[in-house]
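Just so it is clear: chains get the letters A, B, ... in the order the sequence lines come, proteins before strands, and each one is counted from 1. The figures here come from the full heavy-atom set of this structure, side chains too, leaving out hydrogens, waters and symmetry mates. Quick caveat: nothing in here was measured; it's all calculated off a predicted structure.
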Amino acid sequence: MLKLYIEAKVTDRDGKVISRQRRKLAHSFVKGWIAALCGSMNGSGAPDPDIDATDTSGAAVTLGTGTKPFRSNAGVGVTDFGIRVGTDDTAVTINDYALAAAIAEGAGGGQMEHLGASFNEVGVVGNVQSFEIVRIINNNSGGQINVREVGIYIYARTEGGSDCYLCQARDLITQDVPDGGSITITYTLRVVA
Amino acid sequence: MISSLKLNYEVVITDRNGKVIFQERRKAHSYLQAFNEIVLGGMSVAATPCKVITGASVGVDPDGFLCNCNGAIGNASQGIVLGEGDTAVDISDFAMETKIDEGVGAGQLSHLANVIGRPAVVASTCSFTIARTINNGSGGGVEVKEIGIYAKVDNAPLNYACIVRDVLGAPGTVPDGGGITVTYTIKATV
């Protein structure tokens, strides 16, 4: 079984931890992850039958197999893929294709500044193998931002060979990030044999 | 409901007349270390070290059609594979314990192509299947004790890793002229 865990930490402008959600089981691989995995396992530029999905913009896409499946190593300021945060707390459903109200990149009102993703392979401990994906997102918007949802966007390829982005997971959290502060999200993917 | 990527399998053995003589349907236990390393390699776009089925450690190639399990007819190195070993599964298993080779010689089986279904949503679950039928033209019975999935981790050179391995609850013997169909279902539930 592949399990997903989520952890969040909020710091103020001085780097002091003011809020924390300790690691807990996440609830929410969504359809995009299953579609991306199916597309990758298929090994075909034009799988038969079609692998249908909805990308993070809400557009219908038909997936093929391509390079860089699951890519989520977003760089600074990149929000097409990687860990994202949002402000909506609508319950998660299997068909969610994006965060309900993703926070845009920037330093304007309601915006946040996304740093690059990092990955840590924890390795094998007992009968468990795990790795972490981490992203720090800063708030220089001039006001507090209330983060209520978190997710991972990943890269995939359409049948026509175009890039597209799918939502791998979406989870609800409650963390308020003050102006000048930041939130650090850590997802852990853990295989248990 | 806690979300995780779950795996179930079904094994059906038929005789030469198509009559079902063995069936097992269970929750699979056994994504292996290599599966998570492939996912890590894909997500991080880095050549994550992964032990392949030869026992060598290679860097997964995110540009190499990573995780392709769609082995064609006669390819017993990619997709669903069978074996005769029954040692308990360990997270670090990197291959079947005693893989059954392709062919019609003694102890061999003839692998048809893998068939990968499309994802479907039912209520709060999304799933897809990967299935393979493997026939026995060896002239004698072939006992199957383990099943698994081999996936591509690199194109050049070609390398495959064992991403799933399960030991059957009871061994099943595929009679001469018969066949075995293994279906894995991969699913997530919100």
Legend entry - Inter-residue atom distance A:L2.CG - B:I163.CD1, 0.5 Å rounding: 11.0 Å
Legend entry - CE on A:M41 to CD1 on B:I186, rounded to 0.5 Å: 4.0 Å
Legend entry - Note, B:L5 side chain near A:V191 side chain (heavy atom, < 4.5 Å): no
Inset, instruction - Report yes if some heavy atom in the side chain of A:T93 is under 4.5 Å from a heavy atom in the side chain of B:V190; otherwise report no. - result: no
Inset, instruction - Just give me the residue among B:V89, B:L32, B:V39, B:L7 that pairs up with chain A most often, heavy atom to heavy atom, under 4.5 Å. - result: B:V39
Inset, instruction - Under 4.5 Å, counting heavy-atom pairs only, tell me which of B:S44, B:S30, B:P62 racks up the most with chain A. - result: B:S44
Inset, instruction - Please step through side chain to side chain contact (heavy atoms under 4.5 Å, CB included) for the pair A:V30 and B:C126, ending with a clear verdict. - result: CA-CA 8 Å; A:V30 291; B:C126 183; over 6 Å; no
Inset, instruction - Kindly indicate, with the supporting measurements, whether the criterion side chain to side chain contact (heavy atoms under 4.5 Å, CB included) is fulfilled by B:R118 and A:D50. - result: CA-CA 7 Å; B:R118 65 192 302 176; A:D50 286 347; 4.2 Å; yes
Interface moiety of [X] toward chain A, non-hydrogen atoms closer than 4.5 Å:
X      : result
B:A28  : neither
B:T129 : neither
B:V164 : neither
B:T125 : backbone
B:F35  : side chain
B:K152 : neither

Inset, instruction - For the pair A:F131 and B:T48, evaluate side chain to side chain contact (heavy atoms under 4.5 Å, CB included) and give the outcome as yes or no after the intermediate values. - result: CA-CA 11 Å; A:F131 72 87; B:T48 306; over 6 Å; no
Under 3.5 Å, side chain of [X] to main-chain N/O of [Y], donor-acceptor pair present?
X      : Y      : value
A:N127 : B:I91  : yes
B:N36  : A:Q129 : yes
A:S40  : B:L66  : yes

Legend entry - Crowding at OH, B:Y9 (>12 non-hydrogen neighbours, <6.0 Å): yes
Legend entry - Greatest number of heavy atom pairs closer than 4.5 Å to chain B - which of A:D52, A:D171, A:I133, A:I154: A:D52
Inset, instruction - Before giving the answer on side chain to side chain contact (heavy atoms under 4.5 Å, CB included), spell out for A:T65 and B:N70 the whole-Å C-alpha distance, their side-chain angles and the decisive distance to 0.1 Å. - result: CA-CA 11 Å; A:T65 301; B:N70 207 355; over 6 Å; no
